[in-house]
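Here the structure is laid out as structure tokens; the discussion comes afterwards.
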Amino acid sequence: MASTDNPQPQGAAPVAPTADLQQFAVELRRMNGEINRLVHGFALGQGLHPTDIQALAAILDADAPLTPGRLREHLGLTSGAVTACLDRLERAGHIRRSRESTDRRVIHLHYAEGARSVARAYFLPLAEATEGARGRFSADEQSVILRFLAAMNDEMAGLRVLRR
């Protein structure tokens with residue numbers, strides 16, 4: 001993980017900084033705040049909690065169907081909290097649970113097809129804003145931005161939250 005004293009990833013060639021760490025922190029907080037505002041609005045409109053939307057995103061973005069246990073680990077919630085979250089998502093029509101493996105005890109979580117249109121309609125302005133911002137950058141710059149976002153996600157995934 002990069003430190004604040006040496007922001008270069010291990011093995012990366014030194015690059016002259018064009019913005020300091022504080023500027024990155026401010027812009028990342030601003031973006032996080034705006035995304036949270038949109039997510040909270042969607043959650044409220046669907047009768048859900050913001051954590052439910054995090055769970056929904058994890059289910060949508062997973063390479064393979066998640067299990068409640070893997071979702072619990074991903075979100076850092078208790079088993080009971082995940083069960084309550086999944087119950088709300090299922091009641092609202094956003095997910096379905098299935099037992100598709102040979103081990104009938106294993107539950108897989110799937111994003112419900114009908115829910116996609118609801119989410120797409122709500123988040124269309126975000127997609128349009130993303131496309132507008134993307135249009136301000138060349139293909140090479142977009143590639144760098146994607147690499148930066150992926151690197152940030154990797155760095156943050158490695159952070160450990162201290163709990164009391």
Side-chain angles (χ1 to χ4, degrees), residues 1-2 4 21-136 142 145-164:
M1 183 180 333
T4 56
L21 186 58
Q22 178 65 29
Q23 291 171 302
F24 273 97
V26 167
E27 293 304 323
L28 288 169
R29 280 193 301 269
R30 281 186 59 209
M31 185 170 63
N32 184 59
E34 292 301 324
I35 290 172
N36 281 340
R37 182 179 56 80
L38 293 170
V39 166
H40 284 246
F42 182 73
L44 181 65
Q46 297 294 305
L48 301 170
H49 297 261
T51 301
D52 300 344
I53 308 307
Q54 288 180 317
L56 196 55
I59 293 166
L60 176 64
D61 294 342
D63 294 335
L66 287 180
T67 63
R70 284 186 45 221
L71 182 62
R72 181 189 61 75
E73 290 170 8
H74 177 76
L75 296 176
L77 299 175
T78 65
S79 296
V82 167
T83 298
C85 170
L86 294 175
D87 288 346
R88 286 189 298 270
L89 287 170
E90 194 169 42
R91 269 194 313 273
H94 289 281
I95 65 158
R96 67 179 176 79
R97 297 172 183 163
S98 68
R99 297 183 194 293
E100 298 171 353
S101 70
T102 56
D103 183 349
R104 300 294 292 162
R105 296 172 295 176
V106 176
I107 296 171
H108 289 114
L109 307 171
H110 303 275
Y111 198 100
E113 282 303 316
R116 290 179 193 271
S117 62
V118 172
R120 279 190 189 118
Y122 183 87
F123 288 106
L124 180 61
L126 177 58
E128 291 169 342
T130 301
E131 190 59 25
R134 231 173 46 104
R136 298 180 196 164
Q142 289 178 37
I145 293 165
L146 282 174
R147 283 194 351 256
F148 171 77
L149 292 172
M152 280 298 300
N153 286 327
D154 290 345
E155 291 286 331
M156 289 188 292
L159 298 176
R160 297 290 173 244
V161 177
L162 298 177
R163 296 191 180 166
R164 293 182 180 190

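Note that this is a predicted model, so its numbers are computed, not measured. In this chain, residues are counted from 1 in sequence order.
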Which pair of heavy atoms, one from Tyr122 and one from Leu38, lies closest together, and at what distance? OH-O, 3.2 Å

Point-to-point distance, once rounded to the nearest 0.5 Å, from CG of Asn36 to CZ of Arg29: 13.5 Å

For a 4.5 angstrom cut-off between non-hydrogen side-chain atoms, does His94 reach Leu48? yes

Minimum heavy-atom distance between Arg88 and His49, given as atom pair plus value: NE-CD2, 2.9 Å

Of all heavy-atom pairs between Ala119 and Tyr111, which one has the smallest distance, and what is that distance? CB-OH, 3.4 Å

Asp52 side, atom CG; Ile95 side, atom CD1 - distance, nearest 0.5 Å: 9.5 Å

Calculate, to the nearest 0.5 Å, the distance between atoms CG and CZ belonging to Leu56 and Phe42 respectively. 6.5 Å

Under 3.5 Å, which donor-acceptor pairs link side chains of residues 57-69 to any protein atom two or more places apart or in another chain?
from	atom 1	to	atom 2	distance (Å)
Thr67	OG1	Arg70	N	3.1

Under the side chain to side chain donor-acceptor pair (under 3.5 Å) rule, collect the residues that match up with Arg97, sequence neighbours excluded. Asp87

Taken in chain and number order and not counting sequence neighbours, the residues that satisfy salt bridge (charged side-chain N to carboxylate O under 4.0 Å, His left out) with Glu128 are none

Using side chain to side chain donor-acceptor pair (under 3.5 Å) as the criterion, list what pairs up with Gln22, not counting sequence neighbours. none

Could you report the tightest heavy-atom contact between Ala55 and Cys85, atom names first, then the distance? CB-SG, 3.6 Å

Measure the shortest side-chain to side-chain distance between Leu86 and Val82 over non-hydrogen atoms and say whether it is less than 4.5 angstrom. yes

Test your reading of the model: is there a side-chain donor-acceptor pair from Asn32 to the backbone of Leu28, 3.5 Å cut-off? no

Quick one: side chain to side chain donor-acceptor pair (under 3.5 Å) partners of Gln54, sequence neighbours excluded? none

Provide the closest heavy-atom pair for Ala43 versus Pro50 in the form atom of the first, atom of the second, distance. CB-N, 3.9 Å

List in chain and number order the residues that pass side chain to side chain donor-acceptor pair (under 3.5 Å) with Gln142, two or more places apart in sequence or in another chain; answer none if no residue qualifies. Arg134

